[in-house]
Visitor: 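Encoded as structure tokens, here's the structure I'll be asking about.
Remember, predicted model here, so these are calculated numbers, not experimental data. Note: hydrogens, waters and symmetry copies are ignored here, and every other heavy atom, side chains too, is used. Lettering of chains follows the sequences in order, A, B, ..., and the numbering in each one begins at 1.
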2 protein chains.
Amino acid sequence: MVPMADTTLTPERILEAAEEVLRRFGPGKATVVDVARVLGVSHGSVYRHFASKTALREAVADRWLDRVHADLPAVTAGTAPAAERLRSWLHTLHGTKRATALDDPELFATYVALVAEASTVIAASLDGLVAQLARIIADGVESGEFAVDDVPRSARAVFYATVRFHDPTHSAQWADPDIEQQLDAVCDLLLDGLRPR
Amino acid sequence: MVPMADTTLTPERILEAAEEVLRRFGPGKATVVDVARVLGVSHGSVYRHFASKTALREAVADRWLDRVHADLPAVTAGTAPAAERLRSWLHTLHGTKRATALDDPELFATYVALVAEASTVIAASLDGLVAQLARIIADGVESGEFAVDDVPRSARAVFYATVRFHDPTHSAQWADPDIEQQLDAVCDLLLDGLRPR
DNA sequence: GGGCTGACAGATTTTGCAATCTGTCAGCCG
DNA sequence: CGGCTGACAGATTGCAAAATCTGTCAGCCC
């Protein structure tokens, strides 16, 4: 068991090792001993940087969510009409998740399990997403494209109405070749609902 | 092991016994030997009426779905304006499910597990529900309340957009005291989307 | 001295065997 | 006869011992 410590031990390096172990063994069999072995250190050292196995897993979940949602802020901050941006935002969110899910279903399931454990992380992340929706809708109201009484309420409604297309519990349906048309149909309905009459 | 066969053995009686066993032991521990014991017959007899344990469980799932959806056709066939009927239909579906889920979460979980196994049954049931939505929307189009190009497409969109409120995978959220307001917010958006402009 | 190790207690998970269950069918019984 | 029984083979599940894992900490080593 010769160590291969070519760098100092950092949270960053531990997270990378943890991801590798999760990729290889899945969430059920990944242990912190495995993580330590990949790093060539004793498992006690890992506990110097993460208070518990749970904390480590939460950090991995957080990291993954950041990566999966990385493309969205650019859409939110775009210059296109609000309706277009809203549709594009929803398709981006759906598209990234679907691609991840279909590309490597097992790895996707691993990350989903991780995120499901980390209820704090997930709540914060969802609030951030709804805030982006609210910003797009607010822009639309300002430009006269949309007319809504209560922007946050509508943002939440849009988020909830598209649960089928971004919530991992529905990922089995994302293999349906018709799924994008379904999302479009829901978008049509929602956008018509947001427009002034 | 004295028999208590007070009637002839019918599929009906077997289904009732199966439900009792499922209620008491849950989906993981209910066996067809248990069912036979409740009926005071040998387990071989059960196989005279149901081809397999799976078939028996499917029949139970089917029965349960029928019961849970029993109130909907009356709403569909009602005389109120289509918009009202649509909202009421969605609230009825959500309300029945939520009541069942909150009243006895364990029994609810049992039935959900059963239905999840029975993919054929579930697909047929969902098609029936979407058909009811389509009928309400078609009525609305005829009366001028709604304006949509493609009624079946919109019906599916409405169904998908309200997944959060009727799909059992989301039942954990139904305890939220705000859940009905959330459904109302989504309904507002959808109904505005269906109306002519 | 500060990061790291490795042994340890208690909790959790694997393992392999025993018990139970599913589905079948030859024959019994009314 | 026609529905029912009970024994049976193969598959599945439960259980208890053995192995592994988590989290801690006294002490080592650079």
Visitor: Only one of A/Leu190, A/Asp188, A/Asp184, A/Leu189 passes side-chain contact (heavy atoms from CB on, under 4.5 Å) with A/Val186; say which it is.
Guide: A/Leu190

Visitor: Side chain of B/Tyr47 only, please: which of C/dT5, C/dG23, C/dA7 is the nearest?
Guide: C/dG23

Visitor: Looking at B/Asp176, I'd like to know if its CG atom is crowded, meaning that more than 12 non-hydrogen atoms belonging to other residues, nucleotides or ligands lie closer than 6.0 Å.
Guide: yes

Visitor: Can you tell me how far C1' of D/dT5 sits from CG of B/Leu39, to the nearest Å?
Guide: 15 Å

Visitor: What is the distance from CZ of A/Arg37 to C1' of C/dG6, rounded to the nearest Å?
Guide: 15 Å

Visitor: Among D/dG23, C/dG23, D/dT5, which nucleotide has an atom closest to any side-chain atom of B/Val41?
Guide: D/dT5

Visitor: Tell me which residues in residues 27-35 of chain A lie within less than 4.0 Å of DNA chain D, going by non-hydrogen atoms.
Guide: A/Thr31, A/Val32, A/Val33

Visitor: Over how many whole Å does the gap from A/Phe25 atom CZ to C/dT14 atom P extend?
Guide: 13 Å

Visitor: Among residues at least two apart in sequence or on other chains, which ones pass side chain to side chain contact (heavy atoms under 4.5 Å, CB included) with A/Pro105?
Guide: none

Visitor: Name the closest nucleotide to the A/Arg48 side chain, picking from D/dT22, D/dT5, C/dG3.
Guide: C/dG3

Visitor: Please report, rounded to the nearest Å, how far the C1' atom of C/dG23 is from the CG atom of B/Leu56.
Guide: 13 Å

Visitor: Just the rounded figure in Å: distance from C1' of D/dC25 to NE2 of A/His43.
Guide: 11 Å

Visitor: C/dC21 P sits how many Å from B/Lys53 NZ, rounded?
Guide: 9 Å

Visitor: Checking A/Arg23 now: which residues fulfil salt bridge (charged side-chain N to carboxylate O under 4.0 Å, His left out) with it, not counting sequence neighbours?
Guide: none

Visitor: Taking atom CG of B/Asp127 as the centre, report whether more than 12 heavy atoms of other residues, nucleotides or ligands fall under 6.0 Å from it.
Guide: yes

Visitor: Quickly work out the B/His49 NE2 to D/dT5 C1' distance and round it to whole Å.
Guide: 13 Å

Visitor: When you compare the side chains of B/Asp103 and B/Thr100, does any donor N or O come within less than 3.5 Å of an acceptor on the partner?
Guide: no

Visitor: Please test A/Arg63 against A/Glu12 for side chain to side chain contact (heavy atoms under 4.5 Å, CB included), starting from the C-alpha separation and ending with a verdict.
Guide: CA-CA 11 Å; A/Arg63 221 165 180 251; A/Glu12 192 63 22; 2.5 Å; yes

Visitor: Between B/Ser45 and D/dT5, does any side-chain N or O lie under 4.0 Å from OP1 or OP2?
Guide: yes

